[in-house]
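The structure under discussion appears below in the form of structure tokens.
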Amino acid sequence: MLKRNLHKAEPIPAEAREYIDALLESGDLFRYHASQDAPVTLLEQEFADLMGVKYALAVASCSAALFLTLRALELSDKAKVLIPAFTFAAVPSAVVHAGCTPVLVEVNDNYRIDIEDFTEKFTDDIEAVLISHMRGHTSDMDAIKALCNEKDIPLIEDAAHSLGTTWHDEKIGTIGKAGCFSFQSYKLVNGGEGGIMITDDADMIARCVIMSGAYENNWQKHGLDCNAFSKYQNELPLYNTRMSNLAAAVIRPQLSQVKRRADDGLRNHDTLADQLNKSPFIAVPDALEPEKRAPDSLQFNLVDFTDSEARAFMAETHLRGVPVSIFGLHEGNARAFWNWKFLGDAPELPKTRKMLSRACDVRLPATLSQDELATIADVILTSADQVKSSKAA
Ligand SMILES: *Cc1c(COP(=O)(O)O)cnc(C)c1O
């Protein structure tokens, strides 16, 4: 039995209190109150430095960052955008919100994009590719980027869950034309809510900054070395999806924690994966060779389970304090594509459907102790053994 609540957040670094006290004192909660150095602007500069890119724009959520990025691409009305079929409902929602049409691509049972299906669906009417690195799993970005380059189609990364992950030592979120991250509480950096987009493209940042709500000359307060702004002033709609200085004050002192959380997360993940892979009933897929992950959760597949056995397994783990969920068996799960009814009838995606019906999800806070990890392994292994042996009996 695990005593700890796996959904409980890590405390926010004490430094945040000073920043917040200063904001309460000054009342400068709006990013454009002060003429320069607003906490949101400082966060953007620090995040751009952390990622090694020219520009960053902090906004209300990763969904807002994805929406603005897609709008900034100036695609045609209802443009088709390729996205993986395994992602969070917010991703196809951002595509729809941007006036585009998502085209779902199959995902294999290693949670990564099926490159054959991707290639097949990458027809001449596709106007953009949005790769969502779901649960921080990186698909074959070499193949994806090569195809995008060959067809001269923009590649956008949804790196909401990939802060700290690298591919051939390149930071995830910097591989495409723009990368979007989330600061929602279940991500590596917890701002309650929040998101940020990064890019090296001057036109892209200028459009996104203005559309995020930089009315009149407020783009000047972003302190960016970019002369594309005057071109777009008053030419683009203002969607007003800015970040508040309060969120930035909570997020900034956590940036120095990213490496520790990523390293500890990977160690915890790999320790648990090694334990689970000893069972004939469980398979934890390997990372791809160029990928170095920063997991804050673990996904694994049940091997040779029926639906009712899989449901019984979930129930057993809950009883023992390790709430495992199965994406496709958990009623109404927002990560199962057939629940995205706002897209109309669900497409035929047999590989993704099969994967979702046996893929398990468990949170792994970076601060877990070795004892707690051993308990989690024991709960999962015992629950699987119990379900499979009661069937044999
Ligand atoms: C959390 C998440 C999002 C949405 O992020 P918000 O900041 O809540 O909008 C998008 N994509 C993935 C893969 C996520 O995990």
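Counting starts at 1 for both ligands and their atoms, in listed order.
If you number the atoms of ligand 1 from 1 as listed, the ones under 4.0 Å from a heavy atom of Gly194 come out as 7 (O). Here is the list of ligand 1 atoms found below 4.0 Å of a heavy atom in Asp158: 10 (C), 11 (N), 12 (C), 13 (C). For ligand 1 and Ser132, the ligand atoms under 4.0 Å from any heavy atom of the residue are 13 (C). Against a heavy-atom cut-off of under 4.0 Å, Cys62 is close to the following atoms of ligand 1: 5 (O), 6 (P), 7 (O), 9 (O).
For the pair His133 and ligand 1, the shortest N or O to N or O distance does not fall below 3.5 Å. Among the atoms of Ser182, some N or O lies under 3.5 angstrom from an N or O of ligand 1.
No part of Glu193 comes within 4.0 Å of ligand 1, judged by heavy-atom distances. Residue contacts with ligand 1, taken as heavy atom pairs separated by less than 4.0 Å, involve Val91 solely via side-chain atoms from C-beta onward.
A salt bridge links Arg358 with Asp307; the closest basic N to acidic carboxylate O contact falls under 4.0 Å. Between Lys151 and Asp124, at least one side-chain nitrogen of the basic residue sits less than 4.0 Å from a carboxylate oxygen of the acidic one, meeting the salt-bridge criterion.
Side chain of Arg71 to main chain of Ala98: a donor-acceptor pair is present (N/O by atom type, distance under 3.5 Å, no hydrogens or angles). Within the 3.5 Å criterion, the main-chain N or O of Asp114 finds no donor-acceptor partner in the side chain of Glu106.
The aromatic rings of Phe47 and Phe181 lie perpendicular to each other, with more than 60° between the two planes, well past the 30° mark. Ring-plane geometry between Phe86 and Tyr111 is classed as tilted, the angle between the planes lying from 30 to 60 degrees on a 0 to 90 degree scale.
The nearest heavy-atom contact from the protein to atom 1 (C) of ligand 1 is Lys187 NZ, 1.4 Å.
Of the options Val103, Ile83, Val81, a side chain to side chain contact (heavy atoms under 4.5 Å, CB included) to Pro92 is made by Ile83 and by none of the others. With Glu291 as reference, Arg112 is the one residue of His137, His133, Arg112 to meet the side-chain hydrogen bond (donor to acceptor under 3.5 Å, both in side chains) rule.
Residue-ligand proximity: Arg135 is placed with every non-hydrogen atom at 4.0 Å or more from ligand 1.
The residue from Ser63, Ser162, Ser185 that puts a heavy atom closest to atom 9 (O) of ligand 1 is Ser63. Taking only non-hydrogen atoms, the option from Ala94, Ala160, Ala60 nearest to atom 12 (C) of ligand 1 is Ala160.
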